[in-house]
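Labels below follow one simple rule: chain letters A, B, ... track the order of the sequence lines, proteins then strands, and each chain is numbered from 1. The shown structure was predicted, so the numbers you read here are calculated from the model rather than taken from an experiment.
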Amino acid sequence: MAAPMEGETSESETEQCEETDVFSPQFDALRALYDSNLQLPCPEAEPFRDILSFLNHYNSITDLGQVGTSNVKKPPTINPDENAKTSEQEQPKDATGRPNVRPSKSFTAKSGKQSGMLTSVSHAGPSGLQNQKTPGRRTQTVFNLMEDADGPLSLLKWCFEKKCKARVCTRTFKGLRSICIGYVVAFDKFYNLALSDVTEVYRKPPLGQTIYHQEVLTFSKILKQFSMPKKGNTETPKVKKSRNRKERKVRLEERLKSEGIFIENYHPPPEDRDTAHQETKTVQTISDIGDTNVEEGQVGQEKKEESLKTGESREESQREIKTDAPKKTGKDLIKPEEFHRRYVRQLFVRGDNIVLISVKKR
Amino acid sequence: MHAGFVVLSRTKKIQTFTAKIHLYSFNNYSYRMDMSKREKFKSRNSLVCLLQGLTGKTTTVELRNESSMTGCIEIVDGFMNITMKDVHFTDPYGNKNFFEQFFVNGKNIRYVQIPERMNILQVMSMELPKVKVVQN
């Protein structure tokens, strides 16, 4: 905006003054930006790029214990009279050509630029800034979180302090994957862990549809692998079993009788995934012993013999098992060969993948 | 380091901006302006700071989908996203590839193997001061 023209009335002049006056309620920032006659309340003040750099500067001043801390809490007072200045002040401008905009702040009638700057701070948000400067305020860091671990995380803290080995169970997108045993070096609230001396026993999930038909892996099953001998060493020699059908059948019956399985008027339960799974499992383990056509012994033996002869479907005959029979401890479906073992000196585990953590010894 | 970038020409603006970033990274108590508040919080309050201390080291990162990558870690951000260079990538099927640049989303990471010689707690304590959160 150009300088006021000579022909203008005094009213418009005062109007303009009011608009460019920083303290007046009619302050028009846009106008002030382009006004070459603008009278700044505090022209010696140091210009800053943004609020952050201003805060930086302010902190450095208060750190040094200079003038100002007492001024901070005083409320800002508006003294428009102070602004009347005779000399024409040209606004310091950016090299971009635009005048350097100062954050609009109110000033007390104090001399000195520093005090002026500092009192202005109180207007900008005293509570926030005071937080920064209160003594004894601890900044939150990972280490603090580790020390203050409460509730479930206290177990991790315990592991970390007592230096005992923790068993960390990890997961694939569906089901369990591995158990890592190692010392907890660091942890956080997301359960990200830094472990050292890690022995991991894992089973890679098969790719594709097979994973849905796979035997469900449990924690104890993986844990068993730790104590099992390494690949290639079998402690129990394999016993060769006769392939004679009758003998097999007899053997089977005996075994089942010893376990107390009686099948009488068996009604298969409604289609339930778990039970179906169990059924297939028990059946398959029995069939592992011999031929696939071997059936489970039962009281109604004759009936079975008939079915054998008639060559009924395997499924039908297999269904005639009571599910509440004690679990077969024969060959497990999960073979130890599926598991891999490795040792890593230092490992970082992302908390997303952790299912559970247990401690080895209390 | 005080902010005193008042006089900037329009053409030089960008250059000096990048220079500012470098200065911030060398300064211990720096106000990282390129990180969001959430990211800063994660950098300070989680083990991401440990991974950030691994920049420049060659390690193996194993992903959730059973693939793994061995390479030199360039940058780790607050969300655990990792940019690596000169990476030997093994996919879940076992095929190996080589990439000069590789980016992994933080959520897809399962393990990161930490080089043997590194003291974890020390690395973390060195990383923490680099990110200071401005309290508002």
Participant: Once you round to the nearest 0.5 Å, how far does CZ of A:F143 lie from CG of B:L128?
Facilitator: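 Between atom CZ of A:F143 and atom CG of B:L128 there are 5.5 Å.
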Participant: Answer yes or no: is there a donor N or O on one side and an acceptor on the other, between the side chain of A:Q346 and the main chain of B:M118, under 3.5 Å?
Facilitator: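 Side chain of A:Q346 to backbone of B:M118: a pair is present.
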Participant: Can a donor-acceptor pair be found, under 3.5 Å and without considering hydrogens, that links the side chain of A:R350 to the backbone of B:R64?
Facilitator: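 No; zero donor-acceptor contacts below 3.5 Å.
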Participant: Looking at every non-hydrogen atom in both residues, tell me the closest pair between A:V142 and B:S46 and how far apart they are.
Facilitator: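 Residues A:V142 and B:S46, closest heavy atoms: CG2-O, 3.4 Å.
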Participant: When only pairs under 4.5 Å are counted, which of B:T59, B:L51, B:V48, B:V61 shares the most heavy-atom pairs with chain A?
Facilitator: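 It is B:L51.
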Participant: So, do A:V185 and B:L121 sit near enough that their side-chain heavy atoms are less than 4.5 Å apart?
Facilitator: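 Contact flag for A:V185/B:L121 side chains = yes.
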Participant: So, for A:R171 and B:R110, which heavy atoms are closest and what is the spacing to 0.1 Å?
Facilitator: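 Looks like O-NH2, 3.0 Å.
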Participant: Taking it one step at a time, do B:M124 and A:T141 satisfy side-chain contact (heavy atoms from CB on, under 4.5 Å)?
Facilitator: CA-CA 10 Å; B:M124 280 165 64; A:T141 58; over 6 Å; no
Participant: What part of A:L347 gets closer than 4.5 Å to chain B, counting heavy atoms only: side chain, backbone, both or neither?
Facilitator: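 It is both, since atoms from each part get that close.
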Participant: Take a 6.0 Å sphere around CG of A:D150 and say whether it holds more than 12 heavy atoms from other residues, nucleotides or ligands.
Facilitator: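 Not more than 12 within 6.0 Å, no.
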Participant: With a 4.5 angstrom heavy-atom cut-off, could you sort out which part of A:V349 is near chain B: side chain, backbone, both or neither?
Facilitator: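 Backbone plus side chain of A:V349, per the 4.5 Å heavy-atom cut-off to chain B.
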Participant: Considering only heavy atoms, which portion of A:I354 lies under 4.5 Å from any heavy atom of chain B: side chain, backbone, both, or neither?
Facilitator: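 No part of it gets close to chain B.
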Participant: With a 4.5 angstrom heavy-atom cut-off, could you sort out which part of A:N353 is near chain B: side chain, backbone, both or neither?
Facilitator: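 Just the side chain, heavy atoms under 4.5 Å.
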Participant: Heavy-atom cut-off 4.5 Å, strictly under: side chain, backbone, both or neither for B:T60 against chain A?
Facilitator: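 For B:T60, no heavy atom lies under 4.5 Å from chain A.
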Participant: side-chain contact (heavy atoms from CB on, under 4.5 Å) between B:Y111 and A:T170: does it pass, once the steps are laid out?
Facilitator: CA-CA 10 Å; B:Y111 299 129; A:T170 51; 3.4 Å; yes
Participant: So which heavy atom on B:P92 is nearest to which on A:L207, and how close?
Facilitator: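 Scanning both residues completely, I find the closest heavy atoms to be O-CD1, 3.8 Å.
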Participant: If we define contacts as heavy-atom pairs under 4.5 Å, which of B:V112, B:I114, B:L47 has the most with chain A?
Facilitator: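 Top count of heavy-atom pairs under 4.5 Å with chain A: B:L47.
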Participant: Has A:K189 got more than 12 heavy atoms of other residues, nucleotides or ligands less than 6.0 Å from its NZ?
Facilitator: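 No, because the 6.0 Å sphere around NZ of A:K189 holds 12 heavy atoms or fewer from other groups.
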Participant: If I take atom NZ from residue A:K204 and atom CD from residue B:E66, how far apart are they, to the nearest 0.5 angstrom?
Facilitator: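 The NZ atom of A:K204 sits 5.5 Å away from the CD atom of B:E66.
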Participant: How about A:F190 and B:M80: do any of their side-chain heavy atoms sit closer than 4.5 Å?
Facilitator: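 Result no, sub-4.5 Å side-chain heavy-atom pair not found.
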Participant: What's the separation between atom CD1 in B:I109 and atom CZ in A:F348, rounded to the nearest 0.5 Å?
Facilitator: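 Reported value, rounded in 0.5 Å steps: 7.5 Å.
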Participant: Could you check A:N144, A:L145, A:D188 and say which one makes a side-chain contact (heavy atoms from CB on, under 4.5 Å) with B:N45?
Facilitator: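 Running side-chain contact (heavy atoms from CB on, under 4.5 Å) over A:N144, A:L145, A:D188 with B:N45 returns exactly one hit, A:L145.
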Participant: Go through the atoms of A:R177 and report whether side chain, backbone, both or neither lie under 4.5 Å from a heavy atom of chain B.
Facilitator: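 Just the side chain, heavy atoms under 4.5 Å.
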Participant: Hey, is OH on B:Y93 packed in by over 12 heavy atoms from elsewhere, all under 6.0 Å?
Facilitator: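 No, not enclosed.
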